[in-house]
There are 2 protein chains.
Amino acid sequence: MPYDPSAYPPFAVTVDLVVLTVRKHALCALAVRRGEPPFQGQWALPGGFVLPDEDLGGAAARELAEETGLQVEEPGGHSAHLEQLATYGDPGRDPRMRVVSVAHLVLAPDLPAPVSGGDAKTARWTPVERLLAPEEDRGEASPGRLAFDHDRILADGVERARSKIEYSSLAAAFCPPEFTVGELRRVYEAVWGVALDPRNFHRKVTGTPGFLVPTGGTTTRQGGRPAQLFRAGGATVLNPPMLRPEV
Amino acid sequence: MPYDPSAYPPFAVTVDLVVLTVRKHALCALAVRRGEPPFQGQWALPGGFVLPDEDLGGAAARELAEETGLQVEEPGGHSAHLEQLATYGDPGRDPRMRVVSVAHLVLAPDLPAPVSGGDAKTARWTPVERLLAPEEDRGEASPGRLAFDHDRILADGVERARSKIEYSSLAAAFCPPEFTVGELRRVYEAVWGVALDPRNFHRKVTGTPGFLVPTGGTTTRQGGRPAQLFRAGGATVLNPPMLRPEV
DNA sequence: CCTGTTTATCGTCAGGAAGACGACTAAGAT
DNA sequence: ATCTTAGTCGTCTTCCTGACGATAAACAGG
């Protein structure tokens, strides 16, 4: 097969974002309401075209900043974890033309302002449990079935997040810079949708070298006895992994 | 940002393949010699354009069949495991134009014929250890530094394979349809580059429900005492995982 | 035929990790 | 003062793993 640059088939390349956070003990994803056809008025994942001189991660970071004001792993301001998720390119996934979308996964701490820094577009955090629910009636004001193949992309992103916190220290990306063991445990509980034993969880995370480093401070923001504050340690892999309880 | 289909930036979309197999106790990857510029005469990963009406996995399967004659998960003929790996789209990764490449990972059993069914292109199995070695002199006849960013793609694919056999039954994709525990163990040893205890390995894989199903037959093709033959069971995840020994 | 070699398979034992759960501590709320 | 809410330290049992001894069943060579 000759490799002829002048005869390549025409494609558009976009990035779509699965932005996850934990709010009120629930795993939530960011959805935006589409202003133009197709799927006008329906909810979708944030995203947009990759610019000619931009790499894929850069395009994702730019879209993230435009939609949420979140910075990717930057000091000052809020920071978030970003990684490539997967690429979706079925013919017909966009009715207008052939579009290949490189989906990215973003894990962010809960934001004080619901969605700040964005333009005028309507954006909203929605519990993934509701977004991924089968075919319920969910009212049109809150996101139901997402546009394009975004339901599948969201499901893949959620599954990636659920499995990745098992064997990495990524759960800390859902927490503020300093956090307690209990706050970290509530992240696991929200992402996995299970209850974990506080004592065994405490033993596990404090007993894994390099996972948590104490900052010396304490807080009572959760009520109850004051808890030690920690920062995420240098360890990025968790071995042995945190075990997700059976159903 | 208006979403204007008539003004999208021009991209070409390709698939590249990291095809891995185990031969002679070594993890090997498929490399092809390039016939045209750029990088003419240099070795690269097999790949090619995605056709206008083809999905990404279909393009990867087609390229695989063209290069190796391997069928993806098909009865009759050899079968192989195929999954999407990651997408590489840095500006400038191809000097001619903006090319976004969706890399796929293929795990295949060792082939009787080195590379069969392909066209006239030169293709060759090479131990990944040599392909990923730092900057050795490796002679020009055997693949050294790969073209484009294919060294990085290959490294990502190898790392994916190494980590994925820990917690899935994917190692069986490197084996013929019926195989012995010892053959499966040698796959793990080749992919990880370590020696495993035969007794503990046997206990682990035969003790995991659904991982292996005995076919009733035995074989002595490895020499020594006859070994039971197994097929891969339905279990796709391995919990608890097979532990990769520390270095 | 006997013996050494190779590979497969079963068993034993000690150490570590995880689940279940009791007990105590230290703050705010009533 | 007491209750409630979290956090933190221990204990005990069970399961899994790593290390390794021992036996079984084929083949090669004398």
Side-chain angles (χ1 to χ4, degrees), chain A residues 24-25 165-167 175-176 178-190 192 194-230 235 237-247, chain B residues 24-25 165-167 175-176 178-190 192 194-230 235 237-247:
Chain A
K24 318 239 181 148
H25 218 276
I165 65 173
E166 286 186 59
Y167 56 89
C175 294
E178 297 198 349
F179 54 89
T180 71
V181 173
E183 288 166 342
L184 186 63
R185 174 170 51 80
R186 279 181 280 275
V187 164
Y188 276 90
E189 291 179 332
W192 285 344
V194 298
L196 299 176
D197 184 285
R199 298 155 292 190
N200 293 336
F201 183 87
H202 189 276
R203 176 182 62 191
K204 172 72 175 174
V205 296
T206 58
T208 301
F211 188 38
L212 296 181
V213 291
T215 67
T218 63
T219 183
T220 66
R221 63 184 167 221
Q222 297 293 333
R225 169 176 164 182
Q228 277 189 79
L229 284 170
F230 295 88
V237 291
L238 213 49
N239 199 330
M242 180 90 57
L243 294 180
R244 181 164 14 169
E246 307 292 322
V247 183
Chain B
K24 318 241 181 148
H25 218 274
I165 65 174
E166 285 186 59
Y167 56 89
C175 294
E178 296 199 349
F179 53 89
T180 70
V181 173
E183 289 167 342
L184 186 64
R185 175 171 49 82
R186 278 180 280 276
V187 164
Y188 276 89
E189 292 179 331
W192 285 344
V194 298
L196 299 176
D197 185 287
R199 297 155 292 190
N200 293 336
F201 184 87
H202 189 277
R203 177 181 60 191
K204 173 73 173 172
V205 295
T206 58
T208 301
F211 189 37
L212 296 181
V213 291
T215 67
T218 62
T219 183
T220 66
R221 63 183 168 223
Q222 297 292 334
R225 170 176 164 180
Q228 278 188 81
L229 285 170
F230 296 87
V237 290
L238 213 50
N239 199 332
M242 181 90 58
L243 294 179
R244 181 166 12 171
E246 306 294 319
V247 180

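So that the names make sense, note that chain A is the first sequence line, chain B the second, and so on, each numbered from 1.
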From CZ of B/Phe201 across to P of C/dT7 the rounded distance in Å is 16 Å
Taking C/dA26, D/dA26, C/dT9 as options, the one with an atom nearest any side-chain atom of A/Pro226 is C/dA26
Here the distance between atom C1' of D/dC15 and atom CG of B/Asn200, to the nearest Å, is 15 Å
Rounded to whole Å, CG of A/Leu212 lies from P of D/dG7 at a distance of 14 Å
CG (B/Leu212) and CG (B/Leu229) are apart, to the nearest 0.5 Å, by 11.5 Å
Distance test, side-chain N/O of A/His202 to OP1/OP2 of D/dG7, below 4.0 Å: no
In whole angstroms, the gap separating C1' of D/dC16 from CZ of B/Arg244 amounts to 20 Å
Between the CG atom in B/Leu196 and the CG atom in B/Leu184, the distance rounded to the nearest 0.5 Å is 10.0 Å
Atom CD of A/Gln222 and atom C1' of D/dT4 are separated, to the nearest Å, by 15 Å
A/Leu184 CG to D/dG7 P, in whole Å, measures 11 Å
**OP:** Would you indicate, yes or no, if C/dG28 has its OP1 or OP2 atom less than 4.0 angstrom from a side-chain nitrogen or oxygen of A/Arg225?
**Re:** no
By nearest-heavy-atom nucleotide on DNA chain D, the more 5' of B/Arg199 and B/Pro240 is B/Pro240
Rounded to whole Å, the CD-C1' distance (B/Gln228 to D/dA26) equals 15 Å
Between B/Lys204 and A/Arg203, the residue closer to the 5' end of DNA chain D by nearest nucleotide is A/Arg203
Distance col, row B/Arg221:CZ vs B/Phe179:CZ, nearest 0.5 angstrom, shows 10.0 Å
In the structure I gave you, are the side-chain heavy atoms of B/Lys204 and B/Phe211 within less than 4.5 Å of one another anywhere? no
From CZ of A/Arg221 across to P of C/dA26 the rounded distance in Å is 20 Å
